[in-house]
Amino acid sequence: MAKHFHLNTPLLESASMSKRVGTPVYLKMENAQPSGSFKIRGIGLLCQQVGLTSQSKGVVCSSGGNAGMAAAYVARKMGVPATIVVPSSSSQLVVQRLQDQGATVKIAGKVWDDANAEALRLQETEGLTYVPPFDHPLLWQGHASMIAEVAASLGPGAKPGAVLVSVGGGGLLCGVAQGLKDAGWTDVPIVAMETAGADSFNAAVKAGSLVTLDDITSEAKCLGAKTVCRRAFEYGQCGELTVISELVTDQQALSAVETFLDEERVLVEMACGAALAAVYSGLIRRLQDEGRLPALLGPLLVIVCGGSCIDMEQLTHLKHKLQA
Ligand code: PLV
C-alpha cells in the first residue's frame with residue numbers, strides 16, 4: 001500500500017501577488033492534490049489509521065464536496081466502497097465528480113450540518129466507517145504535513161511572515177496551527193479567512209464561545225459549517241498562536257477566483273477565493289497599516305486549498321447570481 005495518498009505539492013512564488021503585498025508571496029498549491037484539495041492529507045491519514053481493510057463495509061463522509069472527493073479517492077485506492085452525503089446546496093457538478101470517483105452520493109438536508117446528521121445515522125444503521133470532514137486530530141495531523149513541506153522547501157533558517165488560510169469547519173486551520181507548532185514557528189501569525197454568511201469561526205471569536213449560525217447564506221458552500229470545531233475556536237482564543245479572523249464578501253471571494261485564474265492560470269473554488277481575496281482586496285496591507293501584522297512582513301504563505309466544485313459554467317453561474 002502507498003505510504004500516503006497525498007502529494008508533496010509545489011511551493012510557487014507569485015510575482016503579481018508579491019507586488020501587491022510588497023513582500024514575497026508563496027503559494028502552497030494544494031489544488032494540485034489528486035482529490036483537488038488539501039483534504040486528502042488528513043483524510044488519507046485517518047483512513048489508514050482507522051484500520052480499513054477490503055473486508056470493511058465502507059466509509060461514509062459528510063461533505064460540502066471536497067472532503068467527500070478525498071474520501072472517495074482514498075476509499076477507491078483502498079478497495080473499499082464510499083458513500084458521500086452532501087447537502088442540496090452542493091452543485092450537480094460535485095455530485096457528478098464524486099460519482100466519477102466511484103462513490104455513492106446521497107443528498108440530505110440543506111446545509112452540511114444536515115448531511116452530517118445523515119452520515120452519522122448511516123454509520124449506526126449500515127455499519128459504515130464515519131470519516132469526519134474537519135473535526136478530528138488525525139485530520140489535523142495529516143494537514144500539518146503541508147507546513148513540514150513548506151519548511152523543507154524554504155530551507156533552513158527561512159520562515160513565513162504569516163500564513164493565509166480559509167476556514168470552513170476549521171480543520172485546515174487546526175492542521176496549519178499544528179504544523180506551525182511542529183516546525184517551531186509559533187510566532188508566525190495565521191490570517192483565517194471566511195466569507196460573510198459562512199462565518200462560524202469569526203462569530204465564535206467575536207462571541208468568545210462557539211456559535212451556531214442560523215443558516216449558511218454565502219455561496220462559498222465548502223466553508224459552510226454552521227459551527228466551527230472546538231479546537232479551531234480554542235486556537236482563536238488562547239495565545240498559543242496568533243490567529244487573525246477576517247471576513248470578505250462573496251463578491252470579493254469570487255473576484256479573487258477570477259483574478260487568480262487570470263494571473264496564475266489556476267481555477268479554484270470560492271472557498272479558496274476567500275483566502276486569496278485577503279491579498280487582492282488589500283486586506284493584508286490594511287492589517288499591516290493597523291499594526292495587526294508587522295509593517296516589515298516576511299514572506300506571506302498562502303494555502304491554495306483548491307476545491308473541485310468549480311468549472312467555467314459554475315463560475316459564470318456564480319457571477320450572474322452575485323451580480324443580481
Ligand atoms: N470543505 C469541507 C467542509 O464543507 C468539505 O466537506 O469539503 N477550502 C476548501 C476547498 C474546502 O473544501 C474546505 C472545507 C475548506 C477550504 C475549509 O476547510 P475546513 O473545513 O477544514 O476549515 C462544509
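Order of listing sets the numbers, starting from 1, for every ligand and every atom in it. A quick note: this is a predicted structure, and the numbers were derived from the prediction, not measured. Every heavy atom of this structure was used, including side-chain atoms; hydrogens, water molecules and symmetry mates were not. Throughout, residue positions are numbered sequentially from 1 according to the sequence presented.
The closest approach between Phe201 and ligand 1 stays at or above 4.0 Å for every heavy atom of the residue. Residue Gly170 places a heavy atom less than 4.0 Å from ligand 1. Using a 4.0 angstrom heavy-atom cutoff, Leu173 does not count as in contact with ligand 1.
By the 3.5 Å distance cut-off applied to N or O atoms, Leu172 is counted among the residues near ligand 1. Between Gly307 and ligand 1, a contact under 3.5 Å exists for no N or O pair.
The closest protein non-hydrogen atom to atom 1 (N) of ligand 1 is Cys222 O, 3.0 Å. The nearest protein atom to atom 18 (O) of ligand 1, hydrogens excluded, is given as Phe38 CZ, 3.4 Å; this is a heavy-atom distance. Of the protein's heavy atoms, Ser63 OG, 2.6 Å lies nearest to atom 6 (O) of ligand 1. Atom 17 (C) of ligand 1 has as its closest protein heavy atom Gly168 N, 3.4 Å. For atom 11 (C) of ligand 1, the closest heavy atom belonging to the protein is Asn66 ND2, 3.8 Å.
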Report task. I would like to know whether Lys39 and Gln33 meet side chain to side chain contact (heavy atoms under 4.5 Å, CB included); could you show each step before the answer? Result -> CA-CA 9 Å; Lys39 293 268 176 187; Gln33 292 292 357; over 6 Å; no

Report task. Before giving the answer on salt bridge (Lys or Arg N to Asp or Glu O under 4.0 Å), spell out for Lys19 and Glu263 the whole-Å C-alpha distance, their side-chain angles and the decisive distance to 0.1 Å. Result -> CA-CA 12 Å; Lys19 201 165 86 185; Glu263 296 189 352; over 6 Å; no

Requested in this report: Apply side chain to side chain contact (heavy atoms under 4.5 Å, CB included) to Glu149 and Lys28, showing your working.
Outcome: CA-CA 9 Å; Glu149 286 173 18; Lys28 185 62 173 159; 2.7 Å; yes

Report task. Decide yes or no on side chain to side chain contact (heavy atoms under 4.5 Å, CB included) for Thr259 and Leu276, but give the supporting numbers first. Result -> CA-CA 9 Å; Thr259 308; Leu276 304 175; over 6 Å; no

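Each of the following atoms of ligand 1 lies closer than 4.0 Å to a heavy atom of Phe134: 20 (O), 21 (O). Heavy-atom contacts of Gly171 reach the following atoms of ligand 1: 19 (P), 21 (O), 22 (O) (cutoff under 4.0 Å). Using a 4.0 Å cut-off to heavy atoms of Ala67, the atoms of ligand 1 that qualify are 5 (C), 6 (O), 7 (O). Close approach of ligand 1 to Gly306 is summarised as follows: ligand atoms under 4.0 Å from at least one heavy atom of the residue are 10 (C). Taking a cut-off of under 4.0 Å to the non-hydrogen atoms of Gly65, the atoms of ligand 1 that pass are 6 (O), 7 (O). Those atoms of ligand 1 with a heavy atom of Val167 less than 4.0 angstrom away are 22 (O). Listed by number with element, the atoms of ligand 1 under 4.0 angstrom from any heavy atom of Ala271 are 8 (N), 9 (C), 10 (C).
Under the side chain to side chain donor-acceptor pair (under 3.5 Å) criterion, Thr212 pairs with Thr227, sequence neighbours left out.
Leu12 and Tyr26 are not part of a single hydrophobic cluster, where members link through side-chain heavy atoms under 4.5 Å apart.
When every heavy atom of Ser63 is checked against every heavy atom of Ser90, the shortest pair comes out as O-OG, 4.2 Å.
Residue Lys39 touches ligand 1 through its side chain alone, judged by heavy-atom distances below 4.0 Å.
Closest heavy-atom approach to atom 8 (N) of ligand 1 within the set Cys229, Ala198, Cys305, Gly224: this belongs to Cys305. Distances from atom 20 (O) of ligand 1 to the heavy atoms of Gly169, Pro87, Gly68 put Gly169 nearest.
Heavy-atom contacts from other residues, nucleotides or ligands closer than 6.0 Å to CZ of Arg292 number more than 12.
Arg97 and Ser308 form no side-chain donor-acceptor contact under 3.5 Å, judged by distance and modelled atom types alone.
Rounding to the nearest 0.5 Å gives a distance of 10.0 Å between CE of Met270 and CD of Gln314.
A side-chain hydrogen bond (donor to acceptor under 3.5 Å, both in side chains) check over residues 167-189, counting only residues at least two apart or in different chains, returns the pairs Lys159-Asp187, Gln178-Asp182, Lys181-Tyr235, Lys181-Glu240.
Thr23 places a side-chain N or O within donor-acceptor distance of the main-chain N or O of Leu297, the cut-off being under 3.5 Å.
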